[in-house]
Structures are given as C-alpha cells and as structure tokens.
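Nothing here was measured: the structure is a model prediction, and the numbers come from that model. All chains are named by letter (A, B, ...) in the order of the sequence lines, taking the proteins before the strands, and each is independently numbered beginning at 1.
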Protein chains: 2
Amino acid sequence: MNDLFYNISDDEKEKILRNLEANTFNFQKNKTILSSVKQENIIGVLVSGYLQIIKNDYNGNKVIIDDLYDNSIFGTTMSSISSSEYSIVTKEDSKIIIIYFDEIIKANFVEQSYMQFIKNLLNIMSNKINANNVRIEILSNKTTRNKLLSYFKIMSKKNKSNILYLPYTFTDLADYLSVDRTSMHRELKNLKEEGLIEIKNKRITLNLYDDNDFE
Amino acid sequence: MNDLFYNISDDEKEKILRNLEANTFNFQKNKTILSSVKQENIIGVLVSGYLQIIKNDYNGNKVIIDDLYDNSIFGTTMSSISSSEYSIVTKEDSKIIIIYFDEIIKANFVEQSYMQFIKNLLNIMSNKINANNVRIEILSNKTTRNKLLSYFKIMSKKNKSNILYLPYTFTDLADYLSVDRTSMHRELKNLKEEGLIEIKNKRITLNLYDDNDFE
DNA sequence: TAAATAATGTTGCAATTGCAACATGTTAAT
DNA sequence: ATTAACATGTTGCAATTGCAACATTATTTA
C-alpha cells in the first residue's frame with residue numbers, strides 16, 4: 001500500500017521508469033553514496049534497504065538528518081541546502097530509484113498506471129511529511145529528558161503498546177535527538193531510577209500512567 | 001507555479017473541489033481553528049493568509065511546530081500525533097481548503113485538469129518536505145548560537161544576500177528555534193559584539209566571510 | 001490619545017548540558 | 001580465536017541554558 005509501484009504491473013513499471021528517465025541503483029551496506037545522487041530536483045526512492053542522511057558539522061558532531069526505511073523518499077531533502085557536509089550512507093544493502101522531479105511534473109501521459117504511480121508517490125510524500133513533523137515535535141523539546149519522553153511516547157503510541165524496541169543503537173538515538181550521548185545516558189539513568197522506564201537491551205518499557213506527561 | 005490551482009480554470013477548479021468533497025473556509029486573524037479541522041487524513045491547503053501550528057506543552061512553553069504561508073499544506077501534520085495540545089492559529093485572515101486525502105487517492109478521473117491538480121499538489125508537498133528538512137537541520141544544532149547562525153545562513157542563502165529580514169518577531173524566532181527567548185537575546189548580543197551580525201529592527205546583516213562557518 | 005497589550009532588552013542564578021577522559025562489554029573481521 | 005572496532009556506561013567540570021524578575025519601548029485597541 002505504501003509501495004511506489006503498488007497496483008502497477010512490472011511491464012507498466014518499466015515503462016514508467018523509462019519515460020521518466022529514472023535510474024535504479026544498488027548499493028552495498030555502509031557505503032557513502034552522496035556523489036552519485038547529489039543533484040537538485042531529484043527524488044530518490046528507497047525501494048529496499050536502510051539509509052541515513054548524515055550531517056557532520058565543523059565540530060565533528062554527527063547529526064542524523066534523516067532516517068530512511070523502505071519506500072521512503074529523499075533527495076528533495078538536499079535541494080535547498082546543497083553543501084558538502086551532508087552525506088547519504090547505506091546502513092544495509094539498498095536499492096534506490098532516482099527520478100527527476102521535473103520529469104514527473106512535466107510528463108503528460110494519462111494512462112491509468114501513471115495515475116496510480118502518482119497517487120502512490122503522493123502517499124509516500126504524505127508519510128514523509130508526517131515523519132518529519134514527528135521529528136520536529138521531538139526536537140522541539142528543550143531538555144534531553146523531554147526529548148526522550150517525547151520519543152518514547154510517540155513510539156509507544158505507534159506500537160499501541162507501552163513496550164517499544166529501539167530501531168537503532170543508543171549512540172544513534174543520541175544523534176537522532178541531537179544531544180550528547182553521555183548526557184543522554186545520565187538522563188536515561190534518572191528515568192530508570194524514577195521508575196518511568198525500564199531498559200533491557202533495545203527493549204524499553206514505558207510506565208506512564210494517567211500522569212499529565214501522557215496523553 | 002506553486003499554486004494548487006496553477007494552470008486550472010475556475011470551472012475546472014470548482015469541479016475538482018466538488019468531486020473531492022472539499023470545503024473552503026475563511027477565517028479571521030487570530031482565531032484558533034483547530035476544532036474545525038481536527039480530523040485525520042485530511043489535507044488543509046492554505047490558499048491565502050498565514051497560519052501557525054502551535055504546541056503548548058505542560059510547562060506552558062509554546063512551540064511553533066509549523067509556520068504556513070500561501071499554498072503550504074497542513075493536516076497530515078496531525079495524523080500521527082493527534083492530541084489536544086496542538087492548535088492551528090490564524091495570524092492573518094486566511095482562506096483554507098480542506099480535502100480528504102483518501103478522496104484524492106481514490107479518485108479515478110483522468111481528466112487533464114485533475115492530472116494538473118495532482119501535479120500541483122506534488123509540487124506543494126515537495127516544497128513542504130524541503131521546508132521541514134530545513135527546520136530539522138536548524139533544530140539539530142546543539143547550541144542556541146549555532147541554531148541562530150544556521151538559521152541566518154539558510155535565510156541568507158535563500159535571499160542570495162547577506163542581508164535578511166526576519167519574517168516574524170524575535171519572540172516567535174525563539175519559539176521557532178525552540179530556545180528560551182532571553183537566552184537567545186544574550187546570544188544575539190554576543191554575535192553582535194563579535195561583529196558577526198548587525199541588527200536593525202528586523203533587518204539582519206550577516207558578516208561571515210570565508211570562515212568555515214560559511215559555505 | 002490614553003490605556004492596554006505585546007515585544008524587546010537585561011541580569012543573576014540554579015539546572016542542564018556537552019565534553020573529556022575514562023572502563024567495560026559486544027560485535028565484526030582477519 | 002584474537003584482535004580491532006564499536007557500543008555502552010560512568011563521572012567531574014566548565015559552558016550553556018532556562019527561568020524568574022525586572023525595565024523599557026512598540027504596537028494595538030477601546
């Protein structure tokens with residue numbers, strides 16, 4: 001349902017990609033692939049795998065600007081910021097499709113399959129906007145403690161459970177929240193001591209009852 | 001070009017809106033309009049005016065989650081987070097169109113005008129993703145100083161000038177950057193004293209040369 | 001135009017944070 | 001199977017930040 005080629009046959013798929021002059025690439029795990037795609041007005045669709053868009057600032061801080069799983073998009077990402085500080089890194093073997101946004105906008109064919117393609121793209125973009133808004137909501141918290149709680153609560157709500165599994169390492173979580181890893185640990189310890197959370201490896205249990213933190 | 005009805009006649013426009021069961025609303029300045037639109041799976045398109053999506057947390061902190069000018073979209077915003085803490089506030093008289101996202105996805109008509117509408121929507125969503133990514137980049141900075149510099153540099157690059165004009169008050173800027181207003185002022189003062197910026201009302205001049213802050 | 005409301009500006013202080021400098025535990029590569 | 005590389009965990013300390021409590025200046029609105 002959130003697939004770029006949902007409801008589109010393989011033949012139609014090939015035709016669409018050809019018409020849009022799209023290119024498919026396969027990358028191995030742990031490769032930096034920026035140079036291949038550093039262009040404006042492109043949409044990259046991650047068909048399978050796992051990518052991170054990383055920013056390294058002049059202090060050597062790594063920031064996860066974006067975290068991309070199956071059928072997420074990127075690329076428009078870079079258009080307004082350009083800059084050599086950014087890189088796209090594969091965390092797993094990944095397959096991506098690069099499409100020129102202008103081609104999508106300009107293309108004039110009215111076949112049903114193309115309509116379907118555009119709708120799928122709309123869906124994916126809508127999901128992207130949601131994910132970004134969640135990230136913004138989390139980053140808007142002023143303290144590390146509130147960033148953590150905000151993150152846990154959102155993940156918990158998504159899972160419809162008070163148990164959640166970190167999708168990556170604590171080191172990466174600190175980068176995602178844009179806080180110092182060791183300070184984050186200090187705060188995790190506080191939350192544990194206060195009984196608000198329990199941590200067992202990547203499994204986190206949230207113990208927020210009808211406290212006003214929760215909603 | 002970034003208009004939802006770019007290249008669509010008024011007649012066609014009415015037809016599309018009717019088919020999508022879209023509703024148009026006009027709101028006066030400084031109204032909270034959340035209740036009217038608090039639904040999942042809707043897209044709100046701000047046709048004209050100025051909106052802010054605000055989050056008030058339990059500490060009474062106001063956070064500007066989103067800042068919407070002409071032809072920006074919202075609504076998908078709320079879907080994953082629901083919550084009564086959010087509100088949409090008009091900062092100017094505003095005209096918005098509410099469309100059910102599912103109707104767009106399901107609609108099956110292949111008229112040229114509908115294709116154009118979808119492409120316009122894609123364009124608007126793409127812009128939204130870019131704006132969100134910029135916001136995330138700014139919020140990813142760990143210090144107030146770097147948030148400010150990051151914001152100024154991005155605005156300056158957008159303007160293609162080292163002079164930029166704040167689109168809102170300093171109070172709102174602090175909310176946008178998610179920092180305490182008075183601490184932000186302290187930092188603005190530092191930046192002025194170091195000669196990195198000049199401030200005259202809402203006009204800010206950036207004096208970053210080939211320093212590694214700039215790129 | 002006066003009064004009310006909101007924005008700007010300043011400062012001390014306590015709380016939070018980032019950073020350095022570690023120790024230990026876990027995973028991956030030769 | 002051992003090393004190398006990476007993730008987790010801890011702590012002291014200096015820097016940054018939020019907050020409170022103000023004064024002053026703009027901007028609305030009655």
Side-chain angles (χ1 to χ4, degrees), chain A residues 28-31 52 54 56-64 89-93 139-150 165-194 197-204, chain B residues 28-31 52 54 56-64 89-93 139-150 165-194 197-204:
Chain A
Q28 288 182 300
K29 186 174 175 177
N30 291 325
K31 299 287 175 209
Q52 283 183 341
I54 303 295
N56 289 297
D57 69 21
Y58 34 88
N59 299 317
N61 292 315
K62 180 180 122 184
V63 177
I64 299 179
V89 177
T90 55
K91 303 292 281 185
E92 301 292 344
D93 291 358
L139 288 177
S140 293
N141 288 286
K142 290 203 185 81
T143 61
T144 300
R145 182 195 182 86
N146 285 336
K147 282 181 184 172
L148 283 168
L149 286 174
S150 187
Y165 294 85
L166 270 197
Y168 35 50
T169 65
F170 281 96
T171 303
D172 279 352
L173 177 60
D175 290 334
Y176 179 82
L177 302 179
S178 260
V179 295
D180 179 74
R181 182 186 64 81
T182 66
S183 298
M184 186 186 82
H185 254 286
R186 200 165 10 207
E187 207 49 49
L188 283 170
K189 207 165 65 169
N190 291 341
L191 291 172
K192 273 194 283 189
E193 279 166 8
E194 293 172 38
I197 60 170
E198 288 159 47
I199 299 179
K200 192 170 252 177
N201 297 319
K202 301 217 183 307
R203 179 172 161 286
I204 295 167
Chain B
Q28 287 181 300
K29 185 174 175 175
N30 291 325
K31 299 286 174 208
Q52 283 184 341
I54 304 293
N56 290 298
D57 68 21
Y58 34 87
N59 299 316
N61 292 316
K62 179 180 124 186
V63 176
I64 300 178
V89 178
T90 54
K91 304 291 281 187
E92 301 292 342
D93 290 0
L139 289 177
S140 293
N141 287 286
K142 290 202 185 81
T143 61
T144 300
R145 182 195 183 85
N146 285 337
K147 282 183 185 172
L148 283 168
L149 285 174
S150 186
Y165 294 86
L166 271 196
Y168 35 50
T169 65
F170 280 96
T171 303
D172 279 352
L173 177 61
D175 290 334
Y176 180 82
L177 301 180
S178 261
V179 295
D180 178 74
R181 182 185 64 79
T182 66
S183 299
M184 184 185 84
H185 254 285
R186 200 167 7 208
E187 207 48 51
L188 282 169
K189 209 166 64 171
N190 291 341
L191 291 172
K192 273 194 284 189
E193 278 166 9
E194 293 172 36
I197 59 170
E198 288 159 46
I199 300 179
K200 192 171 252 178
N201 296 318
K202 300 216 182 311
R203 180 173 161 282
I204 295 168

Discussion item. I need the minimum non-hydrogen distance between B:K29 and B:K91, along with the two atoms involved.
Written reply: CG-O, 3.3 Å
Worksheet entry | Gap between atoms NZ and P, on A:K189 and C:dT17 respectively (whole Å) | 15 Å
Fill in: Sugar-phosphate, base or nothing in reach of B:S183, heavy atoms under 4.0 Å
base
Worksheet item: Looking at OH of B:Y165 and NZ of B:K202, how far apart are the two atoms once the value is rounded to the nearest 0.5 Å?
Response: 13.0 Å
Practice prompt. Grab the CZ-C1' distance between B:R145 and C:dG18 for me, whole Å please.
Written response: 16 Å
Worksheet item: Roughly, in whole Å, what's the span from CE in A:M184 to C1' in D:dG9?
Response: 11 Å
Practice prompt. Look at the side-chain N and O atoms of B:T143 and state whether any lies under 4.0 Å from the OP1 or OP2 oxygen of D:dT16.
Written response: no
Item to complete: With a 4.0 Å heavy-atom cut-off, tell me which residues in residues 170-181 of chain B come close to DNA chain C, sorted by residue number.
Response: B:F170, B:T171, B:R181
Discussion item. Can you give me the closest heavy-atom contact between A:Q28 and A:K31, atom names plus distance?
Written reply: O-CG, 3.2 Å
Fill in: Value in whole Å for how far the C1' atom of C:dT11 lies from CG of B:L188
16 Å
Worksheet item: C:dA29 P sits how many Å from A:Q28 CD, rounded?
Response: 12 Å
Discussion item. One character per nucleotide, please: for nucleotides 25-30 of chain D, 5' to 3', B when the base has a protein heavy atom closer than 4.0 Å, S when only the sugar-phosphate does, - otherwise.
Written reply: ------
Fill in: Atom-to-atom span, NZ of A:K91 to C1' of C:dT27 - whole angstrom
14 Å
Practice prompt. Hey, could you give me the CG/CG distance between A:L188 and A:L191, rounded to the nearest 0.5 Å?
Written response: 6.5 Å
Worksheet item: So, A:T169 side chain and A:D172 main chain: donor-acceptor pair closer than 3.5 Å or not?
Response: yes
Practice prompt. Mark yes or no for whether B:N146, through its side chain, and B:N141, through its backbone, hold a donor-acceptor pair below 3.5 Å.
Written response: no
Fill in: Protein-nucleotide distance (A:E187, atom CD; D:dT11, atom P), rounded to Å
15 Å
Worksheet item: Hey, does the side chain of A:H185 come within less than 4.0 Å of D:dG9's phosphate (OP1/OP2), counting only N and O?
Response: yes
Item to complete: State the CG-OG1 distance between B:L148 and B:T143, to the nearest 0.5 angstrom.
Response: 8.5 Å
Worksheet entry | Point-to-point distance, once rounded to the nearest 0.5 Å, from CE of B:M184 to OG1 of B:T144 | 9.0 Å
Discussion item. Just to be sure I understand the rule, does B:K202 reach a base, reach only the sugar-phosphate, or reach nothing, if contact means heavy atoms closer than 4.0 Å?
Written reply: sugar-phosphate
Practice prompt. Using only heavy-atom distances, decide whether a donor-acceptor pair under 3.5 angstrom links the side-chain of B:R186 to the base of C:dG9.
Written response: no
Worksheet item: For D:dA15, does either OP1 or OP2 sit under 4.0 Å from a side-chain N or O belonging to B:K142?
Response: no
Worksheet entry | Minimum-distance pair of heavy atoms, taken over all atoms of A:K147 and A:L139 | CE-O, 3.8 Å
Fill in: Inter-residue atom distance B:R145.CZ - B:E187.CD, 0.5 Å rounding
5.5 Å
Worksheet item: Reckon A:T182 touches a base, only the sugar-phosphate, or nothing at all at heavy-atom distances under 4.0 Å?
Response: base
Worksheet item: Atom CG of A:N201 to atom C1' of C:dG25: distance rounded to whole Å?
Response: 12 Å
